[in-house]
Amino acid sequence: MALRFINTRTRQKEEFKSIDDGKVRMYTCGPTIYDFAHIGNFRAYVFEDLLRRYLKYRGYEVTQVMNLTDIDDKIIRSVKEQNIGLKDYTNQFKAAFFEDLDALGIERAEYYPAATDHIDEMVEMIQKLLTKGHAYKADGSVYFKISSFPQYGSLSHMKLEDLKAGARVAADEYEKDSVSDFALWKGWDEADGPVFWETPLGKGRPGWHIECSAMSTKYLGETFDINTGGVDNIFPHHENEIAQSECASGKTFANYWMHCEHLIVEGTKMSKSLGNFYTLRDITGKGYSPIAVRYLLLSTHYRQQLNFTFAGLDGAKAAVERLVDFRRNLQAVDGDTDSPEFPALLEQAYTGFQECLDDDLNASGALGEVFNFVKETNRLMADKKLSTSDAKQAVEAIDKFDTVIGVLPQAEESLDDDIQKLIDDRLAARQDKDFAKADSIRDQLLEMGIVLEDTAKGTVWKRKL
RNA sequence: GGCCGGUUAGCCAAGUGGUAAGGCGGAGGUCUGCAAAACCUCUAUUCUCCGGUUCGAAUCCGGAACCGGCCUCCA
């Protein structure tokens with residue numbers, strides 16, 4: 001079966017066909033860098049990483065753009081309060097964001113354009129919309145005229161007249177023709193303080209939606225393959241992107257729209273007032289491995305709400321350890337006779353893994369296939385039926401799967417000399433039958449994050465997750 | 001009010017017509033100086049409830065209950 005995705009715009013599962021053979025251009029909605037990102041945000045970025053990695057697994061060359069929103073109301077407020085430069089303020093959270101991406105094993109996109117570096121491109125697109133009659137000026141600002149785009153609502157499947165109007169319309173927006181029209185350009189007012197750009201549109205700053213339209217066009221062209229984000233982006237953000245982009249270019253904006261569901265914590269919405277609001281740092285600060293977080297975020301299908309619990313995180317950690325141990329145990333296999341059962345296991349693992357992920361990125365199913373392979377291969381290993389050659393192929397398979405899953409350690413780690421000495425001391429103590437001392441050293445190593453395994457072939461170590 | 005998901009074992013979670021994947025936890029066991037680590041075995045006669053279609057339904061249709069999300073700058 002071919003690769004297929006649920007397309008939010010059609011609500012159908014569609015076969016994926018890229019515009020250019022063998023190449024995918026995708027845009028993924030990135031963070032607003034006004035604070036540390038929380039694990040709900042990272043759920044989206046891990047989903048996008050899964051998409052990216054799997055497209056590569058299937059042989060595509062991927063060009064991914066992730067925007068960094070470095071201008072919005074909250075940023076302006078903080079910049080004024082702290083009396084520092086815009087970039088000085090956002091750079092600290094930008095740096096933290098990339099640290100977190102690395103910790104979670106998220107591959108880097110090809111481009112991370114920042115909104116404030118693309119004011120010219122945004123202004124140009126807004127001028128085009130004005131010329132074509134899709135936008136109008138009012139009181140120093142520029143608004144998109146929704147009534148000029150009859151297809152408005154095609155992504156979210158909402159009708160304009162059904163929208164409950166009024167609740168969040170700011171007082172300064174009374175100049176708009178229609179309450180649903182949204183800002184492309186916001187004229188400067190005193191609340192903006194030092195944050196503004198002098199442009200042909202006047203003094204002010206861009207609206208939120210326009211950055212994604214302008215930057216995706218610049219780096220991916222007027223039509224590209226996939227646009228993604230969290231479900232909350234469907235309306236209004238992505239709906240507005242479509243309106244701006246398709247009115248400006250006259251072409252289809254993105255062919256496939258993929259949205260991941262929200263993460264909830266212990267069964268309820270994550271919020272600061274409930275005290276269940278977590279950044280990645282909050283969690284790693286409790287001693288959890290970011291890789292366990294990655295696994296947990298990955299292991300629920302992206303279109304399902306994910307219930308984040310610390311019990312679940314413990315489970316994720318144990319699951320990752322099982323994979324790591326499996327790979328390591330394979331490397332100790334020493335056998336001359338190939339198992340007659342093994343080739344079928346290997347075949348099933350490869351085909352099962354791909355079939356699941358081909359079907360709208362069913363990561364849970366794919367992990368199930370991997371663990372079936374682990375269990376069956378472990379059984380052969382325990383019965384001493386696995387050959388060195390079988391084991392080598394099993395390692396290759398796990399490594400191949402991990403190019404998508406991304407939880408195995410990247411390189412063989414080496415030990416500090418003092419830790420190695422402790423291991424040697426313990427070995428000596430065991431040989432002297434001084435088990436009290438041996439166990440004490442073992443406990444000491446455990447506290448340092450080193451777990452020892454006494455196997456028939458000697459003592460091996462691993463790093464605790 | 002409009003739109004969208006969900007309800008599967010103690011917990012997490014796949015499965016969209018052919019008789020319940022997987023992970024964690026738990027219980028046994030192998031190995032071991034060991035209560036360590038690793039590994040093995042077992043662990044849902046049943047899929048929120050009520051009707052219906054069908055030879056056959058967790059899966060399709062109708063209805064109910066409960067949970068969650070979006071409805072103008074929140075991934």
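Hydrogens, waters and symmetry mates are skipped; everything else that's a heavy atom, side chains included, is used. Residue numbering restarts at 1 for every chain, and letters A, B, ... go by the order of the sequence lines.
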*With a 4.0 Å heavy-atom cut-off, tell me which residues in residues 434-443 of chain A come close to RNA chain B, sorted by residue number.*
A:F435, A:D439, A:R442
*With sequence neighbours excluded, tell me which residues meet ring pair (Phe, Tyr, Trp, His ring centres under 6.0 Å) with A:F42.*
A:Y45
*Sequence-distant partners of A:Y256, ring pair (Phe, Tyr, Trp, His ring centres under 6.0 Å), two or more places apart*: A:F16
Would you list the atom pairs, donor with acceptor, under 3.5 Å between side chains in residues 443-452 of chain A and any protein atom, with sequence neighbours excluded?
none

*Exam field: side chain A:N329 to backbone A:D325, donor-acceptor pair closer than 3.5 Å*: yes
Those residues that, when tested against [X], pass side chain to side chain donor-acceptor pair (under 3.5 Å) (two or more places apart):
{"X": "A:R426", "result": "A:D454"}
{"X": "A:R108", "result": "A:D102"}
{"X": "A:D390", "result": "A:S387"}
{"X": "A:H301", "result": "none"}

*Check every strand shown and say whether A:G40 touches a base, only sugar-phosphate, or nothing at a heavy-atom separation below 4.0 Å.*
base
*Using a cut-off of 4.0 Å on non-hydrogen atoms, how would the nucleic acid contact of A:K74 be classed: base, sugar-phosphate, or nothing?*
sugar-phosphate
*salt bridge (charged side-chain N to carboxylate O under 4.0 Å, His left out) partners for A:E321, two or more places apart*: none
At under 4.0 Å, does any side-chain N or O of [X] touch on OP1 or OP2 of [N]?
{"X": "A:R303", "N": "B:G5", "answer": "no"}
{"X": "A:N240", "N": "B:U72", "answer": "no"}
{"X": "A:N329", "N": "B:A38", "answer": "no"}
{"X": "A:N362", "N": "B:A14", "answer": "no"}

_Between B:U72 (C1') and A:D73 (CG): distance, integer Å_ = 13 Å
*Which nucleotides of nucleotides 22-32 of chain B have their base under 4.0 Å from a protein heavy atom (B), which only their sugar-phosphate (S), and which neither (-), written as one string 5' to 3'?*
SSS--------
*Among B:A75, B:C12, B:A37, find the nucleotide with the atom closest to the side chain of A:V451.*
B:A37
_Using the side-chain heavy atoms of A:I264, tell me which of these nucleotides is nearest: B:A38, B:G68, B:G6._
B:G68
*Output field: ring centroids A:H134/A:F149 closer than 6.0 Å*: no
_Could you work out, with side-chain contact (heavy atoms from CB on, under 4.5 Å) as the rule, every residue matching A:Y350, not counting sequence neighbours?_
A:Y57, A:L346, A:A397, A:K400, A:F401
*Taking Watson-Crick and G-U wobble pairs with both distances under 3.5 Å, convert RNA chain B into its dot-bracket string, 5' to 3', dots for unpaired and | for cross-strand pairs.*
((((((((.[[[..)..(...]]]((((((.......))))))....[[[[[..)....]]]]])))))))....
